[in-house]
Amino acid sequence: MPELAKAYEPQQVEDRLYQKWQDGGYFKADPKSTKPAYSIVMPPPNVTGKLTLGHVLNNTIQDILCRKARMEGKEVLWLPGTDHAGLATQTAVEKHLRQTEKKTRHEIGREAFVKRIWDWKHEFGGIITQQLRKIGCSCDWSRERFTMDPDYERAVQEVFVKLHREGLIYRGTRMVNWCPGSLTAISDEEVIPTKQKGSLYYVKYELVSVVAAAVPSGDEFPSGNPQAPPLGTAAATTYLEVATTRPETIMADVALAVKPGGKWAHLVGRKVWRPLHREQIPIIADEAVEEGFGTGVLKVTPAHDKTDYEIGKRHKLPVIDILTPNAKINDPGEHDASELHGLDRFEARKKSAELLKDRGLLVKEEPYENTVGFSERANVPIEPRLSSQWFLKYPNIKEALALLQKGHVKFHPQHWTKVYQHWLENIQDWCISRQVWWGHRIPVWYRVDHTPLIDSSSSPTEIVEVEKFRKDFAKGNLWAPDEILCQIESPGEGWVQDPDSLDTWFSSWLWAYETMQTEDGTRQKFYPTSALVTGPDIIFLWVARMLIAGLHFKPNGAETLETNLAFKDVYFTGLIRDKQGRKLSKSLGNSPDPLELIAKYGADGLRFGLVRIAPQGADIRFDEKQIEEGRNFCNKLWNICRFRAMQGPIDPKADPFQHSRSIFADELLDRLHFLLEGERNAIEALNQYNFSEAASQLYDFVWNEFAARYVEAAKIDFAQTDSPTRAGTLATFDYVMSHVLRLLHPFAPFVTEELWCELGFGAETVQLQNWPVKSPRSKDWSPRAQEIYMTADVGRTLRGEIKLPSNQKIPFFLVTSALVSKKRPLADDQKAVLTAFLNASEIQVLDSPPANPGPKAFTQLGDLYLPATGLVDPGVEKDRLVKELAKVEKDLEQTRRKLGDANMLAKAPPAKLEEWRALEISLGEKEKSLRESLAKLE
RNA sequence: GCGGAGUUAGCUUAGCGGUAGAGCAGGUCCUUUACACGGACAAGGUCGGGGGUUCGAUCCCCUCACUCCGCACCA
């Protein structure tokens, strides 16, 4: 057997083993297999992205599930792939183009630009999948998919056509979330509400007097109102005050609204002067107005606000659009606010406030915090904008709700169910068109000679113009049936395709089954998938939509619900944050590079460290220390095995129950039994997606039971020349190691595989060995090993308290209790282990206390003494006794209080009372003895 | 504002009604037959505040405070 290195060196192992696994085809899924199927589709990372810690956690968990399933004898498909990530990728390439060639995508044109993105994809698209290999992911790379693979693209378009035929996809004109940064509409789910500090501007809108109303607009600014009624009466009002956060949109105001029947109701029907781009606009009454807020008067700007648009529709108001697609003021012509024209919306805000102030129309400006929707992509405030887009009316909502309610699909942790439910109950149609070049083209064709009257780049004003001509405009039917065709192939000459692309999520919602569409029956075998592992941030964007797709498209052709679930279990990982609790982000520079961490600590260390500390259902505060612990653990495991290897060859089929064993071996086997079968055991924890619990239990078993205790005890056995239990000790080692390596393999695949193979456990790989779920207890087990370990703990504490250097050997006396000395005497080997654990020069076992006893401690084996002379400083000893006495007295008092409480005696369960009584007795004895020892010191 | 999760040692956390448990960091000691990526020991907690239920509450209920995450937003 080759000697193992002194420390585990991941760099020597990882790439070699991954290559071996690939060559061995262990990750390949066989649809023809008779084994039960287990499948997971990987949430596809952005094709040009790089590995983040989030990916590591996410994929490690998937790998754990898959590796465990393989060991359980299932046929496993873990299907990897990447996402074209429309806008994100387009933006990245655009930036690159700007930096390298100082060109915009418009300058090089759509076709050339899309080609650039493909080039980019071919160059960088493999990075992240290579990085996933680095962390050991056991995916079936032969089935890797990309959301823009030709087959996949076709499937996406077919789905569009199908849904269009069903009337679920339609072209509609709505207020959408317009991203002025990336010049496209985005869906509600991509808007991040963000608290913003801004100002609330109080602006005067002067009432047009009945007489003045007759005067044509364009007057000089009236100073005050010549026809104003006397002050002090209700009719004395000469202006209305309006609070707004967006004075730059005043030019687009078309009315003021007040609450019907409210304090300003008497003014309804009158007119005010719009303070910028001065014109008369009416005062209307609308329920949307709340008197409690601001001044109780609302300026109505239908082109630039969702609520205002609704109000505008109700009152048949015109729409005046004064913003360009990139959110600059667009109000050309000669008028009193023409200097705003061309300004960016935020500059215009300041400037218009100044203009108002100059004209005495700004009453005041207050600091104000409100929530503004930001574009997730460009990180700029979105602009509500009237535009014509494609929408999907979600099908199968009720069924999708029932899936979770009836338990066909389970979320882990469960509380995400509510979030899912709430979204489905308040669902809005999905805006699926994007003004983006990189993505799936919308399969809709228009007759060239009947160019659509409007499209997504039309301004709201144009759209409203069209409305006058088209009665069915609201339904989005802008073309006669023979002017528009929804189909994949071009209808030929004279037709032009819709310029827009589909939302990336419109392709990924098919991911769970479309990726499995192959000739060999993969989908039949592996769909529905077993589990999905993802972050809660895409519960709507992806998870819910995949469930809906499964329900609607019934990919396996069968009607039963069970065959159409995209997945049965969804595990939501926590979000990884930094030590201060901030999200990891590029801009903060607080995201550690997983590859650097792998270089420092090994892939297994990273995996194990991350999984062990990831709390269930909560965010993770990342600290590199935890990864270090992961590495240290792997090294610990390595060295247990190394130690064993030094004792001779291992027996892969070792059965410790065939040999006579030490009590220490039985103790370890007992612990293993409980690890696998006890209450809340590690296996169960793992089955319930409680990864950190399972990892922690394994960590504790390996480190504290195996290494700290068993290995130390076994050294005594190995040191003896004619030990009758030596063979049993070796067999126990081999047996437990075999279990531990298999149990840890899903968490730490590399180190376990390397050890399995290097130690000669027989099979060529650990990953197809059976998953251990059972291990018997020894019939001979006795509590003696525990007693010795605990006695050692007590003795070490005693040593520590008299402040001896750790390495100084000292004698102990053990006055064994009647039970120990008569019924189960302390055997020589047991005494030897205790001696070693205590680093004692010797242990004298006595029947009665030594003549001149020193410091004393109570143990399960009897009273443990140190020699009185030489070693002990009386002052130190006295402090120790006083301190311990105080603790005992406190415990005793607490116990006696319980036992003295009549209520408690009457109502507490008898078993508990017994426990407390026993405790009282033993504490009482301790107290007495401590007092005696103290008295002797006086 | 509505809904969800959380608040336990300096940090990260376990604790599922019966004397609060671990790892790390910090402290002291130690290179004794694997491991200094190690070993030994000690110290560190009125379990966010306040009520209630119970013989007994870190745990169940109510309430307040703060943090995080959804959703809806008042211009």
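We use all heavy atoms of the structure for the numbers below, so side chains are in, but hydrogens, waters and symmetry mates are not. Below, read A as the first sequence line, B as the second, and so on, with proteins coming before strands; counting in each chain starts at 1. On a predicted model such as this, the values are computed, not experimentally measured, just so you know.
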By the 4.0 Å heavy-atom rule, please label Phe633(A) as base, sugar-phosphate, or nothing. nothing
For the P atoms, the ones on rU12(B) and on rA25(B), what distance do you get once it is rounded to whole angstrom? 15 Å
For RNA chain B, which consecutive runs of 3 or more Watson-Crick or G-U pairs (each distance under 3.5 Å) count as stems? B:1-7 with B:65-71, B:10-13 with B:21-24, B:27-30 with B:38-41, B:48-52 with B:60-64
Looking across every strand, which nucleic acid part, if any, lies under 4.0 Å from Glu9(A) by heavy atom: base, sugar-phosphate, or nothing? nothing
Assert yes or no for the condition that the ring centre distance of Tyr201(A) to Tyr368(A) is strictly below 6.0 Å. no
Identify whether the distance between the nearest side-chain nitrogen and carboxylate oxygen of Asp253(A) and Arg274(A) falls below 4.0 Å. no
Looking at Arg545(A) and Glu189(A), is any side-chain nitrogen of the basic one under 4.0 Å from a carboxylate oxygen of the acidic one? yes
Just to be sure I understand the rule, does Lys715(A) reach a base, reach only the sugar-phosphate, or reach nothing, if contact means heavy atoms closer than 4.0 Å? base
P atom, rC24(B) versus rA65(B): distance in rounded Å? 39 Å
Give me each pair satisfying salt bridge (Lys or Arg N to Asp or Glu O under 4.0 Å) with a member in residues 631-642 of chain A, each pair once, sequence neighbours excluded. Glu628(A)-Arg631(A)
Interface with RNA chain B, restricted to residues 417-425 of chain A and to heavy atoms under 4.0 Å: Lys418(A), Val419(A), His422(A)
Nearest-Å distance for atom pair NZ/P, residues Lys625(A) and rG10(B): 19 Å
Of the nucleotides rC68(B), rC16(B), rA75(B), which one has an atom closest to the side chain of Asp619(A)? rC68(B)
Would you please indicate if the ring centroids of Phe540(A) and Tyr420(A) are separated by under 6.0 Å? no
So CE of Met175(A) and CG of Asp305(A): to nearest 0.5 Å the spacing works out to 6.5 Å
Could you check Ser199(A) against Glu365(A) for side-chain hydrogen bond (donor to acceptor under 3.5 Å, both in side chains), going step by step and ending with a plain yes or no? CA-CA 6 Å; Ser199(A) 297; Glu365(A) 180 183 334; 3.1 Å; yes
Distance check needed: rG18(B) C1' versus Lys907(A) NZ, whole Å only. 16 Å
The nucleotide from rU19(B), rA40(B), rG39(B) with an atom nearest the side chain of Trp703(A) is rG39(B)
Arg612(A) near the nucleic acid: base, sugar-phosphate alone, or nothing, with a heavy-atom cut-off under 4.0 Å? sugar-phosphate
Report the nucleotide, chosen from rU33(B), rU13(B), rA75(B), that has the shortest atom-to-atom distance to any side-chain atom of Arg621(A). rU13(B)
So Pro909(A), base contact, sugar-phosphate only, or nothing? Heavy-atom distance under 4.0 Å. base
Just checking Asn639(A): base, sugar-phosphate only, or nothing, at a heavy-atom cut-off of under 4.0 Å? base
Working to the nearest 0.5 Å, report the span between CD of Glu920(A) and CG of Leu913(A). 11.5 Å
To the nearest Å, give me how far apart NE2 (His415(A)) and P (rC68(B)) are. 16 Å
Would you check if the distance from the ring center of Phe633(A) to the ring center of Tyr699(A) is below 6.0 Å? yes
Quick one: label Lys6(A) by what it contacts on the DNA or RNA (base, sugar-phosphate, nothing), any heavy atom closer than 4.0 Å. sugar-phosphate
Any carboxylate oxygen within less than 4.0 angstrom of a Lys/Arg side-chain nitrogen, looking at Arg345(A) and Glu383(A)? yes
Look at all strands and tell whether Lys306(A) reaches a base, only sugar-phosphate, or nothing, counting heavy atoms closer than 4.0 Å. nothing
Can you list, pair by pair, the side-chain donor-acceptor contacts under 3.5 Å of residues 789-796 of chain A, counting residues two or more places apart and other chains?
{"from": "Thr791(A)", "atom 1": "OG1", "to": "Glu787(A)", "atom 2": "O", "distance (Å)": "2.6"}
{"from": "Arg796(A)", "atom 1": "NE", "to": "Phe837(A)", "atom 2": "O", "distance (Å)": "2.8"}
{"from": "Arg796(A)", "atom 1": "NH2", "to": "Phe837(A)", "atom 2": "O", "distance (Å)": "3.3"}

Could you check whether Ser692(A) gets within reach of a base, just the sugar-phosphate, or nothing at all, counting any heavy atom under 4.0 Å? nothing
Can you confirm if the aromatic rings of Tyr394(A) and Trp423(A) lie within a centre distance of less than 6.0 Å? yes
Distance, C1' atom - from rA14(B) to rA22(B), rounded to whole angstrom: 7 Å
Would you indicate what Asn426(A) reaches in the nucleic acid, counting non-hydrogen atoms under 4.0 angstrom: base, sugar-phosphate, or nothing? nothing
Euclidean distance for C1', rA42(B) against rG6(B) (whole angstrom): 33 Å
If you look at every strand shown and take non-hydrogen atoms under 4.0 Å, does Glu290(A) touch a base, only sugar-phosphate, or nothing? base
Any base atoms under 4.0 Å from Ala708(A), or only sugar-phosphate, or nothing? Heavy atoms, all strands. nothing
Listed nucleotide nearest any side-chain atom of Phe540(A), set rA34(B), rC55(B), rG70(B): rG70(B)
What is the distance, rounded to the nearest whole Å, between atom CD of Glu705(A) and atom P of rA34(B)? 21 Å
Does any residue of residues 914-923 of chain A have a heavy atom under 4.0 Å from RNA chain B, and if so, which ones, in number order? Trp916(A), Leu919(A)
From the set rC41(B), rA34(B), rG70(B), return the single nucleotide nearest to any side-chain atom of Asp793(A). rC41(B)
Sugar-phosphate only, base, or nothing, as touched by Ala906(A) at under 4.0 Å among non-hydrogen atoms: nothing
Please identify which of these residues, Tyr8(A), Phe643(A), Phe750(A), meets the ring pair (Phe, Tyr, Trp, His ring centres under 6.0 Å) condition with Trp638(A). Tyr8(A)
Looking across every strand, which nucleic acid part, if any, lies under 4.0 Å from Arg631(A) by heavy atom: base, sugar-phosphate, or nothing? base
Rounded to the nearest Å, what distance is computed from the OH atom of residue Tyr699(A) to the C1' atom of nucleotide rC24(B)? 9 Å
Which value, in whole Å, describes the distance between the P atoms of nucleotides rG4(B) and rG49(B)? 23 Å
Where the side chain of Met646(A) is defined as all heavy atoms beyond and including C-beta, which of rA34(B), rA43(B), rC69(B) is the nearest nucleotide? rA34(B)
Each nucleotide of nucleotides 26-31 of chain B classed B (base within 4.0 Å of a protein heavy atom), S (only sugar-phosphate) or -, in 5' to 3' order, makes ---BSS
Take atom P in rA43(B) and the same atom in rC35(B), then report the distance between them in whole Å. 30 Å
What I want to find out is whether Lys912(A) reaches Glu915(A) closely enough, with some N-O distance under 4.0 Å, to be called a salt bridge. yes
Hey, do the aromatic rings of Phe674(A) and Phe701(A) have their centres closer than 6.0 Å? no
May I ask you to decide if Glu241(A)'s main-chain N or O and Thr295(A)'s side chain share a donor-acceptor pair within less than 3.5 Å? yes
To the nearest angstrom, how far is Asn839(A) atom CG from rA40(B) atom P? 12 Å
Test Glu366(A) against Tyr202(A) for side-chain hydrogen bond (donor to acceptor under 3.5 Å, both in side chains), laying out the working first. CA-CA 8 Å; Glu366(A) 282 179 351; Tyr202(A) 289 79; 3.1 Å; yes
Rounded P spacing from rC61(B) to rG3(B) in Å: 16 Å
Take atom NZ of Lys259(A) and atom C1' of rA75(B), then tell me their distance rounded to the nearest Å. 14 Å
